[in-house]
Amino acid sequence: MKTTPNEVYLTTGEFARLCKVNKRTLFHYDEIDLLKPVYTNEKGYRYYSHRQLDVFLIIHILKELKMPLKDIRYYLDHRTAEQLIEIADKEMLHIEQEITKLRQIQRVLQETVDFTAKGLSAKHGEICIEEQPEEKLIRSEMLIDDNQHNSYLEWTNRFREFDHFTQSVASSFVGTMMDTRELLSGEQQTAYFFVKTDSIHTDLQTFTKPKGRYAVAFHHGTYDTLDTTYTRLQDFIEQQHLQPGEYVYEEYLIDEVAVTSEEDYVTRITVEVINHG
């Protein structure tokens, strides 16, 4: 390190250590005229000014934001205070978008952990009564299941579209809600997709799942055998002298994302129950 009045000069090694980079990075920046040393002595040793530390910092920030080095060099060659503000505003918008995307990914991963853990702890054949809070749901348009016009492919496409459509405002995976009387009587014709949401600012169709007592059953195995669990659930409700509420809710705790065999799937089935009047 050398000093002169109002100036501090750093060797390539010293400057690299302060910037936490390899000296080869500085050599490369010098070669492409991105950040050149203030001067090079007669022996070929490069020296940087301490004032260049801030320049290196902005290069590092813009590089981390995926700006090409040629664009960074152009900015540095033509920089003005106004351009700095313009670039900062533009990049802050990109950062906000990235933060939003990462929060969505974090939410999905956290729910994946929560759902999978519940599925792993669910006991085979277990049916219980739980007190559950009120929940706000975003609900799809009615799905008509006439077994003729509603193919599996169409159902899957609508499922994926609803999932994509609600990602920004939803806080849960997509489930299915069905009319209880139709389902338990074996005459199911209508259903809805749903997701839970905490957002109060949504123009999407919403539904309030009421606070109350719910019968909760866990189905282990392929979806093709769900009717066996529904039969057990119906028997349980009758034995407890209870009356089922308006809707049954299916949530898919463990599915093809977590396991390779459909026999290892776990589905949670929930229905409000009310004492006979």
Side-chain angles (χ1 to χ4, degrees), residues 114-135 137 139-156 158-159 162-163 172-196 207-259 261-277:
D114 295 342
F115 269 41
T116 305
K118 288 176 182 177
L120 289 173
S121 64
K123 297 179 181 178
H124 284 259
E126 179 183 28
I127 301 178
C128 62
I129 301 292
E130 293 181 359
E131 291 287 341
Q132 295 190 357
E134 177 182 287
E135 292 180 316
L137 311 178
R139 192 169 72 172
S140 71
E141 297 296 326
M142 183 183 296
L143 307 171
I144 305 298
D145 184 9
D146 56 13
N147 295 318
Q148 293 179 352
H149 300 98
N150 202 23
S151 69
Y152 175 77
L153 180 60
E154 180 183 351
W155 185 92
T156 301
R158 295 185 67 175
F159 183 96
F162 182 74
D163 184 32
S172 75
F173 290 163
V174 177
T176 307
M177 56 187 292
M178 296 151 286
D179 183 280
T180 303
R181 289 171 299 178
E182 290 181 357
L183 184 63
L184 296 182
S185 66
E187 300 177 355
Q188 181 195 349
Q189 293 184 344
T190 58
Y192 305 87
F193 297 135
F194 75 88
V195 291
K196 300 174 185 178
F207 175 84
T208 300
K209 180 182 176 183
K211 173 183 177 181
R213 300 173 69 214
Y214 285 80
V216 180
F218 294 94
H219 174 75
H220 291 74
T222 175
Y223 301 138
D224 293 337
T225 58
L226 274 168
D227 58 331
T228 61
T229 299
Y230 276 110
T231 298
R232 290 192 299 103
L233 179 60
Q234 186 173 17
D235 291 343
F236 174 85
I237 291 173
E238 291 175 354
Q239 291 166 7
Q240 298 293 318
H241 305 292
L242 299 170
Q243 178 179 334
E246 186 176 5
Y247 291 106
V248 173
Y249 306 86
E250 286 183 3
E251 295 173 283
Y252 312 108
L253 304 184
I254 296 180
D255 57 17
E256 67 275 4
V257 174
V259 294
S261 172
E262 292 185 4
E263 296 303 322
D264 294 324
Y265 287 5
V266 180
T267 304
R268 179 171 56 191
I269 302 170
T270 307
V271 59
E272 186 181 15
V273 288
I274 306 164
N275 291 324
H276 281 289

Before you tell me yes or no, could you show the steps for Y192 and L143 under side chain to side chain contact (heavy atoms under 4.5 Å, CB included), namely the whole-Å CA-CA distance, both residues' side-chain angles and the distance that decides it to 0.1 Å?
CA-CA 6 Å; Y192 305 87; L143 307 171; 5.7 Å; no
Any idea which heavy atoms bring G245 and V271 closest together, and the distance?
N-CG2, 4.1 Å
Residues in side-chain hydrogen bond (donor to acceptor under 3.5 Å, both in side chains) with T222, at least two apart?
E262
Do any N or O atoms from the side chain of T267 and from the backbone of E251 form a donor-acceptor pair under 3.5 angstrom?
no
Test: R268 cationic atom under 6.0 Å from F218 six-membered ring centre, within 45° of axis:
no
Taking the six-membered ring for Trp, is the centroid-to-centroid distance between F207 and F194 below 6.0 Å?
no
Straight-line distance of K123 NZ to C128 SG, nearest 0.5 Å
10.0 Å
Identify which one of T116, I254, L120 satisfies the side-chain contact (heavy atoms from CB on, under 4.5 Å) criterion when paired with V266.
I254
Would you say that I129 contacts L242 through its side chain, given a criterion of any heavy-atom pair below 4.5 Å between the two side chains?
yes
Nearest 0.5 angstrom please: T228 OG1 to H220 NE2, how far?
12.0 Å
L137 side chain near V195 side chain, heavy-atom distance below 4.5 Å:
no
What's the spacing between T270 OG1 and E130 CD if we round to 0.5 Å?
7.0 Å
Is the backbone of H219 close enough, under 3.5 Å, to the side chain of T229 for a donor and an acceptor to pair up by distance?
no
If the test is ring pair (Phe, Tyr, Trp, His ring centres under 6.0 Å), which one of Y223, Y265, F173 qualifies with Y252?
Y223
How long is the span from the CG atom in D255 to the CG atom in D264, to the nearest 0.5 Å?
11.5 Å
Restricting to non-hydrogen atoms, name the atom on L233 and the atom on A217 that form the minimum distance, rounded to 0.1 Å.
CD1-CB, 4.2 Å
Quick one: does V248's side chain get under 4.5 Å of T176's, heavy atoms only?
no
Residue among E246, E272, E135 satisfying side-chain contact (heavy atoms from CB on, under 4.5 Å) with P210
E272
Rounded at 0.5 Å granularity, tell me how far CD1 in I274 sits from CZ in R213.
10.0 Å
Cation over ring, K209 on Y249, under 6.0 Å and within 45°?
yes
Should Q132 and K211 be marked as a side chain to side chain contact (heavy atoms under 4.5 Å, CB included) after you check the CA-CA gap, both sets of side-chain angles, and the distance that decides it?
CA-CA 6 Å; Q132 295 190 357; K211 173 183 177 181; over 6 Å; no
Atom pair CD (Q243) and NE2 (H241), whose distance is rounded to the nearest 0.5 Å
14.0 Å
If every non-hydrogen atom of A215 is compared with every non-hydrogen atom of V273, which pair is closest and at what distance?
CB-CG1, 3.8 Å
Strictly distance-based, threshold 3.5 Å: is any side-chain N or O of R232 a donor or acceptor partner for the main-chain N or O of G125?
yes
